[in-house]
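Here the structure comes first, spelled out in structure tokens, and everything after it is commentary.
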Amino acid sequence: MSPAATGRTGAEAPAPPATMREALNRALDEALAEDPATLVFGEDVGRLGGVFRVTDGLQQRYGEHRVFDTPLAEAAIAGMAVGLAMNGWRPVPELQFDGFAYPALDQIVNQIARMNYRSRGRAPMPVTVRVPSFGGIRAPEHHGESLEAVFAHVPGLKVAAPSDAPDAYRMLLQSIRSDDPVVFLEPKARYWDRGPGPSGPEAPGPEAPGELPVGASRVVRSGRHATLVAWGAMVHRCLRAAELAAEDGVDLEVVDLRWLKPIDAAGLAESVRRTRRAVVVHEAPLTAGLGGEVSALITEGAFSRLAAPVQRVAGFDVPYPAGPLEPQYLPTLDRILSAVQRTFGA
Amino acid sequence: MSPAATGRTGAEAPAPPATMREALNRALDEALAEDPATLVFGEDVGRLGGVFRVTDGLQQRYGEHRVFDTPLAEAAIAGMAVGLAMNGWRPVPELQFDGFAYPALDQIVNQIARMNYRSRGRAPMPVTVRVPSFGGIRAPEHHGESLEAVFAHVPGLKVAAPSDAPDAYRMLLQSIRSDDPVVFLEPKARYWDRGPGPSGPEAPGPEAPGELPVGASRVVRSGRHATLVAWGAMVHRCLRAAELAAEDGVDLEVVDLRWLKPIDAAGLAESVRRTRRAVVVHEAPLTAGLGGEVSALITEGAFSRLAAPVQRVAGFDVPYPAGPLEPQYLPTLDRILSAVQRTFGA
Amino acid sequence: MLTRKPPDARSDDSGAKEPAMSAEGEGGPDPRSRPRLPADLHRRLYRTMLTARLLDTEAVALQRQGVFPAYVSLRGQEAAQVGSAAAMDPQRDFAFPTYREMAVALTLGVDMVGYMASHRALWHGGLYDPMASRFAPINAVVGGPVPHAVGWALGEKLAGRTGCAVSYFGDGASSEGDVHEAMNLAGVMGAPVVFVCQNNRWALSVPNEGQIAGGSVAARAAGYGMPGTAVDGNDLAAVYTAVREALERARSGGGPSLVEALTYRAAPHSTSDDTSRYRDPREEREWAERDPLPRARAALEAAGRADAAFFDRAEAECRAEAERIRDGVSTAPEPPGSDLFTHVFREPTAELARQRRIWQEEVA
Amino acid sequence: MLTRKPPDARSDDSGAKEPAMSAEGEGGPDPRSRPRLPADLHRRLYRTMLTARLLDTEAVALQRQGVFPAYVSLRGQEAAQVGSAAAMDPQRDFAFPTYREMAVALTLGVDMVGYMASHRALWHGGLYDPMASRFAPINAVVGGPVPHAVGWALGEKLAGRTGCAVSYFGDGASSEGDVHEAMNLAGVMGAPVVFVCQNNRWALSVPNEGQIAGGSVAARAAGYGMPGTAVDGNDLAAVYTAVREALERARSGGGPSLVEALTYRAAPHSTSDDTSRYRDPREEREWAERDPLPRARAALEAAGRADAAFFDRAEAECRAEAERIRDGVSTAPEPPGSDLFTHVFREPTAELARQRRIWQEEVA
Ligand SMILES: Cc1ncc(C[n+]2csc(CCOP(=O)(O)OP(=O)(O)O)c2C)c(N)n1
Ligand SMILES: Cc1ncc(C[n+]2csc(CCOP(=O)(O)OP(=O)(O)O)c2C)c(N)n1
Ligand SMILES: [Mg+2]
Ligand SMILES: [Mg+2]
């Protein structure tokens, strides 16, 4: 670990736990410090420090050559990452919002994800594409989208979606250090939260990065009666649902999927073989969402133990709506608890 | 029906059944004839008649104003469709190949699919985006991709994928006549085939368009022991697999899904409630493919009757390969039959 | 071998980057000071600019009060927006806006309560009727609506009608691939479209220098075989005249043109933005001196077209109008949750009906 | 108000669309006829062009014999490809090709059996080593690799090295958004990249008139603040000189440039194409007279740099080389099925290992 990084995370007076924004910022800081090939770029990530301040202070610290603003051109941002990687750099581009990842999709799918394959391993793509993602912040159109199903379908990509600050820190460092391309989906709605989610186990701090391998899920609440599976901001909501269910004597396990590609099929099966019931929860529209994949994986891995079909609670098959309708679009606690009830045949 | 169209499909000497290319060409011809607002455009669709000749002769017949070549710019092709539709036209753009739909994806997802919603029904998008799709023709990179899971996930889109010539004809006319945007995925590997698939029921000819509603699947072979679900070129392969299984006394039902959004959940459940076993087959990579959705829908709709978990046979999670590896990538008859066996606990 | 030199961004034929102050703002005997707008129109557009300014100020206040979750101010761009929109024929033409064209909407007579509803997050695209208003739904994808304008214009040409599309976009948008594809398409097809780039110097935190290689959006037009004009975007008459010429050209079969209105985003990018992180307040002060509103007023005065009574009445009436809109949007009812499902398709699907039932039972 | 006129595509400073015949091809006393290439290089590049032509002819034959499922011929573009690639420094520079740059590969010394393997569909990107060859994997997305070149070049600048990227693309590609975004990015960042547009007049079935608004790709450069040059793409020395100048500029910190090589796709778009549907055979015949290969030969002869013995030997040796490559690619082993899984990730996943087992058990 670099002196710069240790200087900020070491044995000083105990600081309050970082928000997710701060945790991500620290991970970027450390990645820039430990490997001079690391580059951070995108729209407004430099002078402004990013619209969510995730890159705050990095340009001042590492200079305009390592952390820089690009023109407003998502395809070029993703495309230049390919050339930079082919020239020995470790690019960490940001796409400013989920909905604006679409213009970059051709470069991500047809180029970044395939260059290692196309070149038979000669041109690896150690690229981490950061995308502030998901909804819940009453934002304008295209600022609340969930693209994980699209990215998870792409051969050659890995896809991460942390749910709390310490894990965001660890997973981002792990992603940047990986020699494979990672699309890193940051739950905007959790940017301002500190520490792990409510009732979550005290996760290890930033000092212990990467102890879970790429692709590992984690049980953030153990339970006996049914398993809730979620990622990003919905993990928090599932933990809340579990608290409410507990008041009624229903003991829910909550699995934070964390990696949306590769998916921890074994971990899912293990949990559901125990609980015999599962509900998968996501913000993206239901149809062809990642919930279908999770449902299929659980059914394949735990069929003989399943007491009820896996339930899916997802956004509706409608374009992500504006302000007042947002809470009616996103999975509510009621919908999650109803789905749990359905697994009990109610 | 227009005189132009009837002239070609009427009571003349019985012609051999049309190939899928010809059937699609006829549907476009009829759509152009019946509604002067219909426009056909895209790369090389005019003078050349399309790289697969699907638009052959249309520019000669309807003029350069109704059928025209565009510059090589997929985002503009999709984007201009939005403006044309807002000005009263009924655009039928072509994207030359599946893999080159990605540059148009932002316009398709963020604009075409949402304009009716965004405008609260004031600016409908009667747009049919034709995309020669799927693999099996030993083509260059990006010419064998399966994007159905991506499109099916998009709220506001409908997605069609016919499997044989008569159905391609009907579904394309139905799509063009619809006031909703449809992404129309044409299985390249079937372009040269005539009539319905082997063992398929004698489907009604082009003269009886649209008798199945949007979203309806069809049973192309009835069976008792298990249900195979597929779309596009894989329907044909499933029919072959069913023939082989029949030799071993296993009686497979084959469902041609046809519409990938909306999906005929009721039809799927009905079939599998009878057969108690299901295998879904697609060319796209397994993870987050539409097979997950189909598996989840079947499990939700037929859980208590299911004798085994729904099996998925799909492309591997690798970029679509070149020539000699293509047959090893695509679902083989052996893999389909092994999956059927697994549903019998083998 | 023939080498093209990069254009001098400040030279005459690529569009001055420092907008020459129009003489209007200064009065005086310079012949260029003669008003280039008919007097009536001049007065009317001044009032539109004033209403826009007052409504913009109300909107910022509404955001502070928590009525709007966020707001994007057009302060400083009133001349560029009102001047360009006033050149349109609202019977025949059609505007394709971004998210910052409030004064265009106002000029075209869009229902402004419905327009501002988008900022209250009642409905992303706004609650006005885009087809009747000839003003497309508010669009948040930078560059995204530009090909729509070309398609609409082409549709007009194919139909043998004489309407023109006006495509609004910013300096930042000029970097997007969609804008290039759209301009090339328009050029190849001879589509009757006017591209109006409001170059307000900033794309969020990135200034022109980090955005526009070559320094001029107007200069790009030559590469598409179309006329490109850079005008002082804070000069109402200059913008109006340039766009009107471009529209006349398009209407008479002369194809597309590009007008770059050089202006300034006087406010932060949005109410969530903090300009102190990236721009020098001196720049803001400099541009405050070129504020298009006082300039338009000075021009009216210099031409003897308006007196104190006119300005007093304008102030009162425009303020009343701005307040009416403010009150209207503040009290507009929230759309019912069922609207989630109503407009997804024209031809409803069984699956969406099923989801609507779930919503009805478990959410509503 | 300053109006830019659209450039006259045929005027001197936007690049002649009808490539002026270079005097080289005609000999004679015109001072421009003096060879602009050193004699050794001139002879060497002629041989490279000849090998490319012979190999191209072999490849078309291999497709007819069913060895290649399809092939894209570069016939007619040998001068544009060999001339531009020869200007590169293969130790420092890096080329980003499309799917039609066989003669660029040949010039740069790429393993040609590995290159042609892509056309036999053995592996999409080819079987050569792109990093060692400084020639990126074959790329079938029109416009897609152009931003890669800019990224690579920027990486070179950031590292303080002096290499340049050369980005190849076609006239059709110039319409793609990616190309615009890449050029603007290069201009803003001052990236050492040379954009080489081989304008072969056709993008599949669409001629320049339906593709390039304004008529000239070179003229676009001005809009990005970079030099743009249109050269006779069938004139080996002209292409070489233009690209060399551009590379020198880039290498010495002068930023990007664009060279448009005006040439002709003498063959169909690919072996699956049928030109009779869209182009006049007279055009093909006209261009056959400007075939770059006889021109390069005539220039050598006119300059007294090569005699009959040279041409005989070149013919024999180049043919032998082309046949060696043909035989090599025809007999190259097919990659094992396990290669499906080998190169997806650097850090393998359990799921892919599971799928590989399925493949092993049920397919292999
Ligand atoms: C495709 C896309 N990428 C990114 C964004 C985020 N974003 C919103 S506005 C903006 C800056 C736009 O600048 P400009 O085009 O100059 O318009 P202005 O805001 O100055 O009016 C950015 C980056 C977006 N809305 N769309
Ligand atoms: C993004 C994309 N769209 C469409 C295609 C299909 N396609 C392959 S080559 C071609 C024409 C390319 O023309 P040009 O850029 O002039 O190159 P040339 O073939 O003449 O060398 C088209 C349309 C593609 N490969 N990539
Ligand atoms: Mg701006
Ligand atoms: Mg070409």
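Within every chain, numbering begins at 1; the chains are lettered A, B, ... in the order of the sequence lines, protein sequences first and strands thereafter.
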Quiz prompt | Closest contact, heavy atoms only, Leu306(A) versus Phe303(B) | solution = O-CZ, 3.6 Å
Quiz item: Looking only at heavy atoms, which two atoms of Glu293(B) and Ala288(A) are closest? And how far apart?
Solution: OE1-N, 2.7 Å
Quiz item: For Glu74(A), is it the side chain, the backbone, both, or neither that has a heavy atom closer than 4.5 Å to a heavy atom of chain B?
Solution: neither
Quiz item: At a heavy-atom separation under 4.5 Å, does Ala307(B) approach chain A through its side chain, its backbone, both, or neither?
Solution: backbone
Exercise. Check whether Leu297(B) gets within reach of chain A through its side chain, its backbone, both or neither, counting any heavy atom under 4.5 Å.
Key: both
Quiz item: Can you say whether Glu148(B) sits under 4.5 Å from chain A via the side chain, the backbone, both, or neither, judging by heavy atoms?
Solution: neither
Quiz item: Among Gln311(B), Glu141(B), Gln107(B), which residue forms the greatest number of heavy-atom pairs with chain A at distances under 4.5 Å?
Solution: Glu141(B)
Quiz prompt | Contacting region of Pro321(B) [heavy-atom separation from chain A under 4.5 Å] | solution = both
Quiz prompt | chain B contacts, top residue of Arg114(A), His153(A), Arg118(A), Arg312(A) (heavy-atom pairs, under 4.5 Å) | solution = His153(A)
Quiz item: Looking only at heavy atoms, which two atoms of Ala296(B) and Ser295(A) are closest? And how far apart?
Solution: CB-OG, 3.5 Å
Quiz item: For Asp106(B) and Gly99(A), which heavy atoms make the closest approach, and how far apart are they?
Solution: OD1-O, 4.4 Å
Quiz prompt | Interchain contact, Val109(A) with chain B, by part (heavy-atom threshold 4.5 Å) | solution = side chain
Quiz item: Glu145(A) versus chain B, heavy atoms under 4.5 Å apart: side chain, backbone, both or neither?
Solution: side chain
Quiz prompt | Options Ala302(A), Ala322(A), Pro309(A), ranked by heavy-atom pairs under 4.5 Å with chain B, top entry | solution = Pro309(A)
Quiz item: What heavy-atom pair brings Asp317(B) and Lys261(A) nearest, and what distance separates the two atoms?
Solution: OD2-CE, 4.4 Å
Quiz prompt | Closest non-hydrogen atom pair between Pro155(B) and Pro285(A), with its separation | solution = CG-CG, 3.5 Å
Quiz item: Thinking salt bridges, do Arg342(B) and Glu300(A) make one under a 4.0 Å N-O criterion?
Solution: no
